[in-house]
Amino acid sequence: MLQIYDTLTKQKTAFKPLVEGQISMYVCGMTVYDYCHIGHARVMVSFDVITRFLRSQGWKVNYVRNITDVDDKIIKRANENQESMQQLTQRMIEAMHEDEASLFVLPPDQEPRATGHIQGIIEITQTLIDKGYAYAAGNGDVYYRVAKFEGYGKLTNKNIDELRAGARVAVNEIKENPIDFVLWKAAKEGEVSWPSPWGDGRPGWHIECSAMSKHCLGDNFDIHGGGPDLPFPHHENEIAQSEAANGCTFANSWMHAGAVRVNSEKMSKSLGNFFTIREVLKKYNAEVVRLFLASVHYRSYIDYSEQSLKEAQVKLERFYQALRGINATAEVELQNDYSGKFNAAMNDDFNTPKAIAVLFELVNELNSASRQKLPTAPTLAKQLLDLANSIGLLQQDPEAFLQGEAKEGELSAQQIEAFIIERKAARANKDFAESDRIRDLLLEQSVVLKDTREGTSWFRES
RNA sequence: GGCGCGAUGACAGAGUGGUUAUGUAGCGGACUGCAACUCCGUCCACGCCGGUUCGAUUCCGACUCGCGCCUCCA
């Protein structure tokens with residue numbers, strides 16, 4: 001049975017799909033004005049793990065992740081760069097797709113863009129005005145009348161009076177109430193704009209997600225997800241917009257990933273303490289980053305550090321060492337509970353650390369079986385691969401992963417093989433001094449040798 | 001101030017009202033020419049104070065500390 005923690009009810013509850021066997025999920029994606037950082041990676045990887053796992057369990061998942069490609073920050077950045085908004089967003093979308101692919105993150109089923117849904121945005125805005133939930137201010141802006149929506153604040157336990165009291169929003173006489181937020185912004189000179197019943201303008205933040213989710217999944221769908229800084233105000237406002245306009249419950253459950261921290265502080269654009277995905281991938285294999293992220297439950301915060309990345313690297317080496325040289329095939333019947341435990345952990349609000357612990361138990365048995373040349377080894381290896389693959393791990397060839405790509409200044413595979421042949425000759429002559437000299441020489445280049453009956457294999461140590 | 005989250009062994013990180021998490025590191029042994037990989041064994045634990053209970057790291061309350069949101073950020 002699948003259990004999911006819902007941000008709104010603050011409880012883990014049994015998941016009930018709208019349609020038997022199917023899951024409709026909308027995840028807030030990127031605002032494309034800069035390269036993705038590890039915080040973005042966490043959202044991408046978390047929901048990729050979730051989607052892959054659900055599919056492995058037979059769920060038919062319709063996964064939508066939007067792109068917000070029109071927004072204040074984008075316009076500002078494009079101006080700074082002296083390029084058009086389209087040029088900037090196109091570049092950043094391409095970069096995002098590259099990052100995604102290198103992290104083994106599967107593309108969502110649908111990836112709508114805000115600029116492709118202006119008509120839908122205008123329609124919802126009009127509906128909200130017609131129903132009294134929004135008003136056109138004299139200057140061409142349209143605002144949401146927050147006090148009119150009864151459920152406002154239900155996601156994040158806010159109440160309107162306190163929000164108003166603490167409103168740090170600049171007082172704006174055009175608004176009826178300082179906490180009202182903008183649905184449609186009148187165009188400024190030289191800014192990108194679209195025609196609307198209220199004059200030329202562009203969407204505010206929040207409304208695009210109401211329009212895109214409605215278009216892709218309907219008025220009511222199963223899961224809405226996103227990053228840790230989205231519950232307020234973004235998701236709160238989405239609820240207000242969509243529920244008021246559509247007259248029904250918006251998302252049935254809300255999932256939010258935890259923050260990535262650096263030195264106990266949230267990694268964020270505003271603090272400037274972020275590492276971009278491409279930066280990190282120069283130093284670490286993509287699966288190392290995936291495993292690092294999956295080593296902590298998706299809702300908890302995770303500390304980004306070199307040490308954590310190295311640990312993930314070592315863990316992955318253990319997995320691949322176990323799989324190395326084994327032809328993973330289901331040859332024999334196994335009587336074990338690894339799959340049951342793994343799936344139970346994942347079905348319990350996607351408990352990846354617990355699930356991965358099961359994989360290590362399996363590795364242990366696999367190594368033991370390999371060592372004793374038991375006939376169960378290939379089947380255990382297959383089981384390990386199947387389970388790991390169900391969350392998008394262990395997708396590389398063990399040999400390729402362990403030997404890695406030679407980085408700048410490192411020995412090539414051919415050079416290493418040549419040294420191994422030299423060493424083999426020395427060992428055959430019992431010239432252990434020479435043999436050890438070669439081994440130490442390679443070790444200085446981070447190449448570790450492993451002698452077996454079948455010969456010498458090697459891997460690059462992190 | 002309001003609303004939330006967290007505090008687990010050397011580190012990372014799950015979990016549980018009474019039973020081994022898991023990984024790395026450490027220690028002892030096996031394997032090895034010596035190593036590495038691997039295997040076997042092993043040490044180290046639940047912030048503080050009360051309460052409930054036969055029994056609490058696990059439930060309840062207070063406290064201390066840390067973090068997030070309340071403003072753009074995944």
Side-chain angles (χ1 to χ4, degrees), chain A residues 7 10 27-31 33-34 36-44 46-47 71-73 76 153 155-159 161-163 165-170 205 225-234 236 256-261 264-272 274 291-292 295-297 299-303 305 307-308 310-319 321-322 324 341 345 348 351-361 363-364 366-372 402 427 430-433 435-436 439-440 442-443 447-453 456-459 461:
Chain A
T7 309
K10 292 172 194 60
V27 173
C28 285
M30 260 48 80
T31 299
Y33 68 101
D34 207 343
C36 294
H37 59 59
I38 297 298
H40 298 106
R42 186 171 200 197
V43 173
M44 289 200 269
S46 295
F47 285 99
D71 142 281
D72 289 352
K73 295 185 294 293
K76 182 162 172 270
L155 180 66
T156 52
N157 273 326
K158 303 271 186 272
N159 79 62
D161 294 332
E162 277 164 6
L163 282 172
R168 290 189 234 170
V169 190
W205 184 40
D229 26 33
L230 295 182
F232 192 91
H234 187 54
E236 202 69 76
H256 292 97
V260 176
R261 293 188 192 171
S264 303
E265 270 187 326
K266 193 178 100 167
M267 181 182 288
S268 72
K269 292 274 176 72
S270 32
L271 289 172
F274 60 90
L291 184 58
F292 159 69
S295 297
V296 177
H297 185 93
R299 277 192 283 114
S300 307
Y301 68 81
I302 184 169
D303 260 302
S305 69
Q307 195 198 329
S308 304
K310 289 224 171 73
E311 277 221 8
Q313 167 86 34
V314 173
K315 285 182 185 178
L316 216 43
E317 280 169 10
R318 181 165 166 80
F319 280 125
Q321 289 280 12
R324 189 179 213 179
K341 282 162 73 181
D348 184 8
N351 194 331
T352 49
K354 197 174 180 184
I356 290 168
V358 176
L359 296 184
F360 278 112
E361 290 173 21
V363 163
N364 200 42
L366 168 58
N367 280 332
S368 188
S370 300
R371 204 165 187 278
Q372 299 170 65
L402 291 166
R427 292 182 75 211
K430 300 251 189 274
D431 184 353
F432 296 122
S435 161
D436 290 351
R439 187 172 63 198
D440 291 345
L442 289 173
L443 193 58
V447 175
V448 182
L449 299 187
K450 175 181 172 186
D451 297 325
T452 67
R453 300 107 260 179
T456 299
S457 61
W458 59 276
F459 65 97
E461 202 179 42

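Labels below follow one simple rule: chain letters A, B, ... track the order of the sequence lines, proteins then strands, and each chain is numbered from 1. The model shown is predicted, which means the values in this text are computed figures rather than measured ones.
The CD atom of E236(A) sits 12 Å away from the P atom of U71(B) (whole-angstrom rounding). Between L271(A) atom CG and U71(B) atom P the separation is 16 Å, expressed in whole Å. Distance, F319(A) CZ to G23(B) P: 9 Å, rounded to whole Å. Between K266(A) atom NZ and C72(B) atom P there is a gap of 12 Å when expressed in whole angstrom units.
If you take atom P in G68(B) and the same atom in G13(B), they sit 16 Å apart, rounded to whole Å. Comparing the P positions of G41(B) and A7(B) gives an interatomic distance of 31 Å, to the nearest angstrom. Nucleotides C65(B) and C49(B), compared at atom C1', are 15 Å apart to the nearest Å. Across the P atoms, A12(B) and G4(B) are found 28 Å apart, a figure rounded to whole Å. One P atom belongs to U22(B), the other to U64(B), and the distance between them is 37 Å to the nearest Å. Taking the P atoms as reference points, U19(B) lies 15 Å from A45(B), given to the whole Å. Here, A56(B) and G47(B) have their C1' atoms 15 Å apart, quoted to the whole Å. Distance check on atom P: U58(B) versus G18(B) gives 11 Å, rounded to whole Å.
Within the nucleic acid shown, R261(A) comes within 4.0 Å of sugar-phosphate atoms alone, with no base atom in reach, counting heavy atoms only. Backbone-only contact: P233(A) has heavy atoms under 4.0 Å from sugar-phosphate atoms and none from a base. If you check every strand for non-hydrogen atoms under 4.0 Å, A259(A) touches a base. S270(A) comes within 4.0 angstrom of a base, heavy atoms only. Contacts of G258(A) with the nucleic acid, taken as non-hydrogen atoms under 4.0 Å apart, include base atoms. Contact annotation for F232(A): backbone-only contact, meaning every heavy-atom pair under 4.0 Å involves sugar-phosphate atoms and none involves a base. Looking at heavy-atom distances under 4.0 Å, K158(A) makes contact with a base. No contact: M44(A) has no heavy atom under 4.0 Å from any strand. Residue-level contact check: L230(A) touches the backbone only, with heavy atoms under 4.0 Å from sugar-phosphate atoms and none from bases. In this structure, V260(A) reaches the bases: a heavy-atom distance under 4.0 Å links it to at least one base atom across the strands shown.
For the pair E311(A) (side chain) and Q307(A) (backbone), a donor-acceptor distance under 3.5 Å is absent. S370(A) places a side-chain N or O within donor-acceptor distance of the main-chain N or O of L366(A), the cut-off being under 3.5 Å.
Under the rule for a side chain to side chain donor-acceptor pair (under 3.5 Å), K354(A) has no partner lying at least two apart in sequence or in another chain. Under the side-chain contact (heavy atoms from CB on, under 4.5 Å) criterion, D436(A) pairs with R439(A), sequence neighbours left out. Under the side chain to side chain donor-acceptor pair (under 3.5 Å) criterion, D71(A) pairs with K73(A), not counting sequence neighbours. By the salt bridge (charged side-chain N to carboxylate O under 4.0 Å, His left out) test, D229(A) pairs with K266(A), sequence neighbours left out. Applying the side-chain contact (heavy atoms from CB on, under 4.5 Å) criterion to L443(A), with sequence neighbours excluded, gives V448(A). Legend: residues meeting salt bridge (charged side-chain N to carboxylate O under 4.0 Å, His left out) with D303(A), ordered by chain and number and at least two apart, are absent. Annotation: side-chain contact (heavy atoms from CB on, under 4.5 Å) contacts of P228(A) (sequence neighbours excluded): A259(A). With sequence neighbours excluded, the residues satisfying side-chain contact (heavy atoms from CB on, under 4.5 Å) with N157(A) are K10(A). The side chain to side chain donor-acceptor pair (under 3.5 Å) check on N159(A) picks up E162(A), with sequence neighbours excluded.
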(request) Test side chain to side chain contact (heavy atoms under 4.5 Å, CB included) on Q321(A) and R318(A) and set out the steps. (result) CA-CA 5 Å; Q321(A) 289 280 12; R318(A) 181 165 166 80; 5.7 Å; no
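Residue whose closest nucleotide on RNA chain B sits further toward the 5' end, between S264(A) and E361(A): E361(A). Mapped onto RNA chain B by nearest heavy atom, W205(A) and N159(A) fall at different nucleotides, with N159(A) at the one closer to the 5' end.
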(message) Expected output check: what is the dot-bracket annotation of RNA chain B, where ( ) and [ ] are pairs inside the strand (brackets for crossing ones), | is paired with another strand, and pairs are Watson-Crick or G-U under 3.5 Å?
(response) (((((((..(((.....[...))).(((((.......)))))....(.(((..]....))).))))))))....
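Contact annotation: side chain of R42(A) to base of A74(B), donor-acceptor pair absent below 3.5 Å.
Look at K10(A) and you won't find any side-chain N or O under 4.0 angstrom from OP1 or OP2 of G4(B).
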(message) I need a per-nucleotide contact map over nucleotides 37-42 of chain B, read 5' to 3'. Cutoff is protein heavy atoms under 4.0 Å; write B for the base, S for backbone only, - otherwise.
(response) BBSS--
Protein-nucleotides 11-15 of chain B N/O pairs under 3.5 Å:
residue, atom, partner, partner atom, Å
C11(B), O2', Q307(A), NE2, 3.1
A14(B), OP1, H297(A), N, 2.9
A14(B), O3', N351(A), ND2, 3.0
G15(B), OP1, N351(A), ND2, 3.0

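Proximity of I356(A) to L291(A): side-chain heavy atoms (C-beta onward) are separated by under 4.5 Å at one or more points.
Comparing atom distances between the N157(A) side chain and each of C3(B), G33(B), G68(B) picks out C3(B) as nearest.
Closest non-hydrogen pair, H297(A) versus R42(A), comes out as O-NH2, 2.9 Å.
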